[in-house]
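Heads up: the structure comes next, in structure tokens.
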Amino acid sequence: MDSVGVIILAAGLGKRMKSALPKVAHVVAGKSMAWRVANIARTAGVSEIVFVLGHGRDKLVETADAFGAKIAIQDRQLGTGDAARCGLAELSPKIREVVVLCGDAVMIRPSTIRSLVVARRKRKAAAAVLTGILGDPSGYGRIVCDDRGNISRIVEERDANADIKKIPEVNSGSYAFDRAFLARTLPRLNDVNAQREFYLTDTVIQALQEGQIVVPVPAGDSDEVRGINSRRELAEVGALLVGKKAEALMDAGVTLVDPRRVWIEPEVQIGIDCTIESPVTITGNTKIGKGVRIQMGCVIEDSVVGDGVHLRPYSILSGARVARGAVIGPFAHLRPEAEIGEGAHIGNFVEVKKSRVGAGSKANHLAYIGDATIGKKTNIGAGTITCNYDGIAKHKTIIGDGVFIGSDTQLVAPVTIGKGALVAAGSTVTKDVPPFALALSRAPQKNIENWVARKKPELLAKAGLKAPKIARRPIEE
Ligand code: UD1
Ligand code: CA
């Protein structure tokens with residue numbers, strides 16, 4: 001594919017989206033349409049990519065740059081033929097074959113792009129066109145073939161008569177062209193049609209005039225031809241991509257308890273023997289190991305989860321790393337840069353942010369761990385809070401191995417708790433605690449005998465308790 005370049009047509013506004021954003025910047029299954037199409041082109045192994053941009057181009061240059069693509073600017077949207085002409089000018093001379101893709105057709109497979117190129121070469125055709133049979137072909141250009149099965153015309157819906165509208169075979173908007181053919185015919189297109197646009201599809205007429213052929217390449221999967229023109233189609237194609245991902249995961253050895261009710265984006269990686277309940281959302285750059293159990297209500301984005309981890313119901317992971325065998329949740333919140341060590345337990349209503357929790361350590365109930373480093377086999381009691389923020393800056397809490405932090409402790413950072421130390425329940429720790437020491441900061445307890453009976457007898461009456469007999473003497477307070 002060294003001599004093959006790709007032009008991605010993406011200059012249109014996409015009126016039917018009713019949006020301030022250019023159409024191809026809209027997100028489908030977690031990535032913009034532009035990203036998806038560029039990624040497919042790159043995976044197909046082409047040597048150059050050119051994006052044709054116009055409307056809202058500033059929203060798309062970053063994506064183009066991420067793929068090392070060149071940018072051609074189409075100032076006025078005069079049609080797909082004009083857009084292809086703009087793109088062609090940016091391809092380097094070594095490119096002899098040109099694949100044109102629509103920025104809104106995100107379901108084409110990399111192997112289909114290669115098939116298009118191969119089909120054109122084999123038949124020595126001017127062009128190969130990816131086609132599909134759709135149950136409802138409305139809105140698409142229709143493929144008209146001659147008696148040898150070559151394409152004789154592509155007719156846009158708005159230029160079609162009733163007979164042509166009945167043709168179920170549609171143009172996907174993806175093509176492989178001989179570069180020289182494209183270079184000489186694009187300038188010859190005219191805009192004599194219902195939309196007053198220069199149609200790329202009219203290159204078919206040019207080919208016939210030159211005595212060349214244009215071959216149809218039927219898509220292996222008719223969903224591949226789908227374009228996205230409206231919010232409805234955006235949702236439909238998103239659901240198709242996610243549905244295919246679910247099927248691929250099951251084929252690869254992942255159990256989905258209810259595959260229709262998981263939302264797992266195409267780029268997510270999941271190992272064998274994982275079991276995923278519903279509803280669960282897994283997005284972005286997430287990698288999940290083998291044998292992981294993910295229970296209902298979990299939302300996981302941009303996270304790495306090790307083998308054998310158990311994510312109990314309603315755990316939220318965002319930018320977190322969880323090592324093998326850890327148990328998380330229910331209702332745990334792992335925020336960016338949370339790193340949970342092997343076999344550690346993070347229980348209900350525990351929030352961890354920008355902190356390392358060592359192997360085998362536990363924070364099982366109601367805690368906030370922020371900007372902390374916690375050693376191995378340390379126990380963080382219920383209600384522990386790292387007071388990491390003084391209103392101006394964030395400070396670190398460092399806790400060694402084998403530490404026991406009693407319940408309801410506040411650790412006022414910056415503070416260090418040495419290994420093997422014990423912090424008594426209810427303490428507010430403001431000074432470092434040496435290794436193996438006991439830290440205790442609560443006020444001593446005082447009991448006042450019979451205070452309730454003397455001062456609040458109505459409380460006892462309410463509970464049906466009899467007040468004890470009390471010798472008459474003044475209460476010491
Ligand atoms: C186009 C095809 C149609 C095909 C359909 C498949 C033409 C004339 N029609 O129609 O046969 O069935 O795709 O989805 O080619 N664009 C530009 N500059 C322009 C016009 C369009 O860059 O001046 C870009 C758009 O941003 C879009 C792509 O080209 O990504 C296709 O344009 P769109 O308006 O969606 O074409 P369709 O009407 O869908
Ligand atoms: Ca379209």
Side-chain angles (χ1 to χ4, degrees), residues 6-17 19 21-26 28 32-38 41 50-57 59-60 63-64 71-88 90 100-108 127 129-134 136-144 151 153-160 164-165 167-175 177 182 186 189-205 214 216 219 222-230 233-234 236-237:
V6 167
I7 299 173
I8 300 175
L9 307 183
L13 171 65
K15 280 198 206 87
R16 289 164 281 181
M17 295 297 285
S19 174
L21 265 189
K23 176 167 75 176
V24 299
H26 280 265
V28 59
S32 70
M33 296 184 212
W35 187 95
R36 292 216 167 278
V37 175
V50 174
F51 260 103
V52 182
L53 300 181
H55 277 290
R57 66 187 78 148
K59 299 280 191 309
L60 294 162
T63 305
I71 292 174
I73 301 296
Q74 187 194 26
D75 280 321
R76 289 188 302 149
Q77 279 63 62
L78 302 176
T80 48
D82 180 67
R85 189 185 54 74
C86 294
L88 194 61
E90 295 300 323
V100 178
L101 302 175
C102 281
D104 66 356
V106 300
M107 292 196 69
I108 186 170
V129 179
L130 181 69
T131 71
I133 308 278
L134 290 182
D136 174 15
S138 58
Y140 289 83
R142 304 299 205 285
I143 302 289
V144 183
I151 299 178
R153 258 165 74 212
I154 299 176
V155 185
E156 291 307 296
E157 171 101 10
R158 286 167 67 179
D159 301 304
I164 293 213
K165 281 186 187 158
I167 299 174
E169 187 172 21
V170 304
N171 170 25
S172 67
S174 304
Y175 323 79
F177 287 101
L182 207 52
L186 287 177
L189 297 177
N190 65 51
D191 62 354
V192 187
N193 51 53
Q195 303 185 73
R196 300 302 315 264
E197 285 184 359
F198 296 89
Y199 290 166
L200 179 58
T201 45
D202 283 348
T203 51
V204 174
I205 301 167
V214 175
S222 60
D223 285 334
E224 283 187 88
V225 310
R226 279 176 174 264
I228 297 172
N229 297 307
S230 64
E233 286 169 353
L234 185 71
E236 280 165 21
V237 169

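All ligand and atom numbering here is 1-based and tracks the order in the structure.
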Min N/O separation [X] to ligand 1 under 3.5 Å:
{"X": "Cys102", "result": "no"}
{"X": "Ala83", "result": "no"}
{"X": "Tyr140", "result": "no"}
{"X": "Thr201", "result": "no"}
{"X": "Gly79", "result": "yes"}

Evaluate the criterion side-chain contact (heavy atoms from CB on, under 4.5 Å) for residue pair Thr63 and Ser32; output intermediate values, then yes/no. CA-CA 9 Å; Thr63 305; Ser32 70; 4.3 Å; yes
For [X], atoms of ligand 1 separated by under 4.0 Å from a heavy atom:
{"X": "Gly12", "result": "17 (C), 22 (O), 25 (C), 26 (O)"}
{"X": "Gln74", "result": "17 (C), 18 (N), 19 (C), 22 (O), 23 (O)"}
{"X": "Asp104", "result": "30 (O), 35 (O)"}
{"X": "Ala10", "result": "22 (O), 26 (O)"}
{"X": "Gly141", "result": "3 (C), 4 (C), 11 (O), 12 (O)"}
{"X": "Gly103", "result": "30 (O)"}
{"X": "Ser172", "result": "6 (C), 14 (O)"}

Within this structure, what is the [atom1]-[atom2] distance for the pair [X] and [Y], rounded to the nearest 0.5 Å?
{"X": "Tyr199", "Y": "Asp191", "atom1": "OH", "atom2": "CG", "value": "9.5 Å"}
{"X": "Lys23", "Y": "Arg16", "atom1": "NZ", "atom2": "CZ", "value": "6.0 Å"}
{"X": "Asp159", "Y": "Gln195", "atom1": "CG", "atom2": "CD", "value": "6.5 Å"}
{"X": "Tyr175", "Y": "Leu200", "atom1": "OH", "atom2": "CG", "value": "4.5 Å"}

Taking the minimum heavy-atom distance to [atom], which of [options] ranks first?
{"atom": "atom 38 (O) of ligand 1", "options": "Glu197, Glu157, Arg16", "value": "Arg16"}
{"atom": "atom 30 (O) of ligand 1", "options": "Leu9, Val37, Val52", "value": "Leu9"}
{"atom": "atom 15 (O) of ligand 1", "options": "Val129, Thr80, Asp202, Val170", "value": "Thr80"}
{"atom": "atom 10 (O) of ligand 1", "options": "Arg76, Glu233, Glu156", "value": "Glu156"}

Residue from Asp223, Val28, Asp104 passing side chain to side chain contact (heavy atoms under 4.5 Å, CB included) with Val237: Val28
Arg226 bridged to Glu236 by N-O distance under 4.0 Å: yes
Salt bridge check: are Asp75 and Arg57 linked by an N-O gap of less than 4.0 Å? yes
Does even one non-hydrogen atom of Leu78 get within less than 4.0 Å of ligand 1? yes
Do any heavy atoms of Lys23 fall under 4.0 Å from ligand 1? yes
Apply side-chain contact (heavy atoms from CB on, under 4.5 Å) to Ile228 and His26, showing your working. CA-CA 10 Å; Ile228 297 172; His26 280 265; over 6 Å; no
Any donor-acceptor pair under 3.5 Å from Arg142 side chain to Tyr140 backbone: yes
Kindly determine whether Leu234 and Met33 satisfy side-chain contact (heavy atoms from CB on, under 4.5 Å), including the steps that lead there. CA-CA 9 Å; Leu234 185 71; Met33 296 184 212; 3.7 Å; yes
